Amino acid sequence: MMGIWWTARRTSGLINYLKNNFRVFVRSTAQLTRPAGGAIMTVVAIGITLALPALLYVVTDNIDQLGRNWETRAQVNLFLVKNVENPAALQARLQSLKEIDRIDAVSPDQGLSDFKKYSGFARASDLLDANPLPWTLVVHFTREHSNIEAVQRFIDRAAQLPEVDNVRSDVLWLKRLTAVVEIGHRLVWVLAILLGLAVVVIISNTVRLAILSRTHEIEVIKLIGGTDRFIRRPFLYQGFVQGALGAVTAVLLTTICIEALREPITGLVGEYGSGYRLVGLSWTNAGVLFALGSGLGWVASRWSVGRHLKDIEP
Amino acid sequence: MMGIWWTARRTSGLINYLKNNFRVFVRSTAQLTRPAGGAIMTVVAIGITLALPALLYVVTDNIDQLGRNWETRAQVNLFLVKNVENPAALQARLQSLKEIDRIDAVSPDQGLSDFKKYSGFARASDLLDANPLPWTLVVHFTREHSNIEAVQRFIDRAAQLPEVDNVRSDVLWLKRLTAVVEIGHRLVWVLAILLGLAVVVIISNTVRLAILSRTHEIEVIKLIGGTDRFIRRPFLYQGFVQGALGAVTAVLLTTICIEALREPITGLVGEYGSGYRLVGLSWTNAGVLFALGSGLGWVASRWSVGRHLKDIEP
Amino acid sequence: MIAFNDVTKRYPGGHEALKHVSFKLPAGEMAFLTGHSGAGKSTLLKLIVVIERATQGQVVVNEQNLTRLPRRKLPRFRRQIGVVFQDHKLLPEQTVFENVALPLVVSGYSPKDTPRRVRAALDKVGLLGKEAMFPLMLSGGEQQRVGIARAVVTRPSILLADEPTGNVDAAMSDDIMDLFRLFNQVGTTVLVATHELRHIERLGKPVLCLDDGYLVDRPADQWID
Amino acid sequence: MIAFNDVTKRYPGGHEALKHVSFKLPAGEMAFLTGHSGAGKSTLLKLIVVIERATQGQVVVNEQNLTRLPRRKLPRFRRQIGVVFQDHKLLPEQTVFENVALPLVVSGYSPKDTPRRVRAALDKVGLLGKEAMFPLMLSGGEQQRVGIARAVVTRPSILLADEPTGNVDAAMSDDIMDLFRLFNQVGTTVLVATHELRHIERLGKPVLCLDDGYLVDRPADQWID
Ligand SMILES: Nc1ncnc2c1ncn2[C@@H]1O[C@H](COP(=O)(O)OP(=O)(O)OP(=O)(O)O)[C@@H](O)[C@H]1O
Ligand SMILES: Nc1ncnc2c1ncn2[C@@H]1O[C@H](COP(=O)(O)OP(=O)(O)OP(=O)(O)O)[C@@H](O)[C@H]1O
Ligand SMILES: [Mg+2]
Ligand SMILES: [Mg+2]
């Protein structure tokens, strides 16, 4: 059985006050560990509920991370007019724009050999008399400016330059990625709200049932002259402790899940030789989770106990 | 307070038996709707917990759907040797392979104009004396066979053909996609297990607390000669009904979430003019969810009540 | 028939509530059980309903040796016995009617007969008209009488009562004892634990007297006022 | 001081448990409350502890008019009163010691003093040595006495007892009544509801007699055995 312990609310001196609070705290906690006290179930329920948004967070964090490794940075190719012999001046000019990370200049020779490699027309292109390719500037955008608006703005301006014959970009790919990220963000929001709701509902439901099974005790203490605050205290501690232990469980569960996924994911991702490493739950985030769990436990208890104390007359 | 109702277990005749069961069922259910009976909270908790895997399912379903619209089907380009004038024979031969969906034959002229369009070297390629391009077969794989193994096998075989000069494929893109899908599947598994666990834990925790608050009643009925089965029945019905109502809540929540996401998602995806429409929860899946919810409710109750009945002596 | 054969009951804490108790109450007889507070009266009754099991010795009720009765046979066994508990043990969320009907429901009696039987039992304890009330709305004595009505509603072959008149006035107390005698006259075995020696004198039935767990011949001097 | 001025209590169902009751028990006095089962004794006591509120009329306790006492002032008010409940109202998951210590804890008494006081109270009801037991391990009479110990542990200025001797034998019953008289002698206002007219005769204290909700002059003939 889940026990609730009442001890003195008010005694002389702060030390005694703290001592007493500590005693209630310890005993409320001790109740959770009693073998019969299947309150562990409640802790597990809260743990799982908290683990879900944590896992969700880690997943989006990792998608972010992955995105940084894959070609999420916008890239625009500027094909210069045939008579530009050296694009260094233009390159330097463009380089100063804040949205541009790096510019690679590809010479006509380099371009042709790339083309051969790309198209597989090694033999076919041998038939060409002269190299028909111009200088090309491959413009890499910074991560922050890798959005459709900035790229489109750049394209429009670049097209006006006299040195530029033609502008090519992978805006479609960028658009798609933006859409996916956008949808992902919305989904995370929806799930986060649902899960937050679930945590509150589960904790306050638990407290409700805990109070229900203590109706008799609460009534007796009221009759003896116990204030609402006195009655509430052990429930609050219990809610707090359950929330806190739930958070710890959540951290463990999340870590276990991530470790279970680490090997296959890095294995798969590693095939591209990218420097990507699976990101786990940081200490900061574990701290946030802990604060959230115990805070929610406290608040849900406070809310639930307040609502149900009134139901118990007189 | 959450009420539990006991009525006759055994009477003469099947009709009476069913009548009695029905009466227990109705009264157990009625308890849930009592204003004081905040059992609605439990239903909401179960509803949210069930909504999460449902939402997850819908999301993967939609990613699948999206994938079908985007280029997830493998594509291999076969560049034929220069002297092949008409690839129809080869095309017909390959077409009979089960992994191939469709083969487009691209003539050298068509190829050149595509190349011009692609590369933006409209002017540059005018310099070419003759069309250096051969016939090309663009081989589209069926969805089922769009995996690395099948594509690689095909590439190896195609390379041996005397008509084929060169084979090009987008295996890298395919590999990446496979990796993402693989990770997604693992994630769905992990989440599904976590969520299933959460549902069981939440329901059995609820039943546990419900039993705890009825310890006195159960004891009395035992003393009067009530069998375990008699005592268990209203709890089972309550678990069943809570699970079922939770499932209904889950269907509602899932539908609400999907509708909240429908407009922005179709808006974003629609930019590519693809025929993609957001897929909701099908009637079948809603049915599965309902069966799952009520089944889990029943099983969790059965398990929990069985475990805790023994604790109540004598 | 209730027979105790050298029964000792030791509670987990180590306290021996009953020590080498032997007696026999033949079927159809009535007896009183008395003794000071904490003497072991309730414990003795609990052994008969198998709320507790004897640490040593045999308890035989209606030809069944309770030391060997398996758990799953308990419900059917208990249906033969009506018990008035010292702390009433009513269900607070069910009405008086439902509380009294409970043993009928549990034993699977015909639902058609239930209302008539319940009303008859309530009539006997003077509570007709309170069927729709909940136990917490009743006075202490009324609750006790609901407990009595519930114990007799199935017309059990054995009737046990633990301090059934602790909360009622003298007149009502006499009525209740007369009711038990009536049940005994139609063949029920009756065992009543009580502090009120008045009844013992008035009804002239045999007395089992406990003193600190031992069965003694007669009430010690101090119990006679 | 307890004063009832034309008090009527009607329960939600419509039943009038008290009808135009007026009386005054001056501070430091002791009185008995009697009447048949369901006469309204417990209801009268409940009005004094504000477990129920009067439908009509005034209840004044220690200069405080209870009809106007706001909810948040109830705890402090109740700490002045020790109550022995008819159904004991012990906490089943706390030991006897913790149960008796509860009023001290609730009122914020010094924790240093608690063990001494609790043991003194338990000694008075003959339960020293049972501190570590849980209420469900006690006999009916022992539970009742724990309830008495809890009621007196804070030495309240008013002591109410509802059928405090319903579950104990005659000797113990006398001891308990003597204990109440002792408390009264040191200045506590005492009001005891009981069916046992024996005590009323023995102690020679004034009697409030209820008959179906009305306060009557003396016990009706039927209450005298
Ligand atoms: N579950 C238990 N665990 C430990 N001791 C117990 C338990 N139940 C009863 N006892 C002890 O056994 C003794 C006898 O208890 P019992 O209830 O049989 O007394 P009783 O004769 O019915 O007394 P009363 O007249 O006060 O009801 C008491 O001293 C009590 O403390
Ligand atoms: N909450 C309630 N709702 C409705 N009726 C009630 C409620 N409480 C008590 N009553 C009724 O009021 C009447 C008086 O009850 P009360 O408990 O005051 O009697 P009492 O004198 O203490 O009797 P006893 O000696 O049996 O304890 C009873 O008939 C009872 O049914
Ligand atoms: Mg007893
Ligand atoms: Mg009363």
Side-chain angles (χ1 to χ4, degrees), chain B residues 1-24 26-28 30-32 34-39 210-235 238 306 309-314, chain C residues 12 45-53 66 69-95 97-114 134-136 146-147 150-154 156 158 160 162:
Chain B
M1 276 169 293
M2 250 187 346
I4 285 284
W5 291 94
W6 284 278
T7 75
R9 184 189 66 83
R10 172 177 59 80
T11 32
S12 46
L14 180 68
I15 298 289
N16 263 326
Y17 175 80
L18 291 177
K19 244 199 220 159
N20 266 313
N21 268 283
F22 183 70
R23 208 179 312 149
V24 176
V26 168
R27 297 193 81 172
S28 310
Q31 290 297 321
L32 294 171
R34 280 208 187 166
I211 291 172
L212 211 64
S213 68
R214 323 240 118 221
T215 309
H216 174 70
E217 264 115 319
I218 291 173
E219 209 181 296
V220 171
I221 293 180
K222 275 190 160 186
L223 290 179
I224 283 172
T227 55
D228 283 1
R229 216 160 135 206
F230 177 80
I231 294 167
R232 214 183 283 134
R233 206 168 39 149
F235 287 104
Q238 187 168 307
L309 261 184
K310 275 193 213 116
D311 290 353
I312 298 173
E313 274 306 321
Chain C
L45 296 180
K46 280 177 187 165
L47 289 180
I48 301 174
V49 209
V50 204
I51 296 175
E52 300 285 349
R53 301 235 188 199
L66 301 190
L69 196 70
R71 229 185 90 99
R72 71 192 155 70
K73 285 201 175 163
L74 274 182
R76 186 162 294 265
F77 167 74
R78 283 179 178 151
R79 290 180 201 163
Q80 310 165 32
I81 308 177
V83 190
V84 181
F85 297 96
Q86 197 168 7
D87 54 355
H88 321 331
K89 293 204 192 294
L90 303 179
L91 303 190
E93 284 174 23
Q94 306 220 4
T95 62
F97 182 93
E98 287 166 332
N99 266 287
V100 175
L102 200 58
L104 297 173
V105 168
V106 159
S107 315
Y109 275 76
S110 153
K112 260 193 305 211
D113 234 22
T114 304
F134 288 91
L136 290 178
V146 174
R150 187 182 61 185
V152 302
V153 75
T154 52
I158 296 178
L160 306 177
D162 196 352

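Chain letters run A, B, ... following the sequence lines, proteins first, then strands; residues in each count from 1. From a predicted model like this one, the values you see are computed outputs, not experimental measurements.
For F85(C), the part lying under 4.5 angstrom from a heavy atom of chain B is the side chain only. Neither the backbone nor the side chain of R72(C) comes within less than 4.5 Å of any heavy atom in chain B.
Listed for the H216(B) side chain is a donor-acceptor partner under 3.5 Å among the backbone atoms of L90(C).
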Next on the checklist: Assess the residue pair K89(C) and E219(B) against the criterion (side-chain contact (heavy atoms from CB on, under 4.5 Å)); give the C-alpha distance rounded to whole Å, side-chain angles, the decisive distance to 0.1 Å, and a yes or no.
Outcome noted: CA-CA 9 Å; K89(C) 293 204 192 294; E219(B) 209 181 296; 3.9 Å; yes
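Across I224(B), T227(B), D228(B), a single residue satisfies side chain to side chain contact (heavy atoms under 4.5 Å, CB included) together with P75(C), and that is T227(B).
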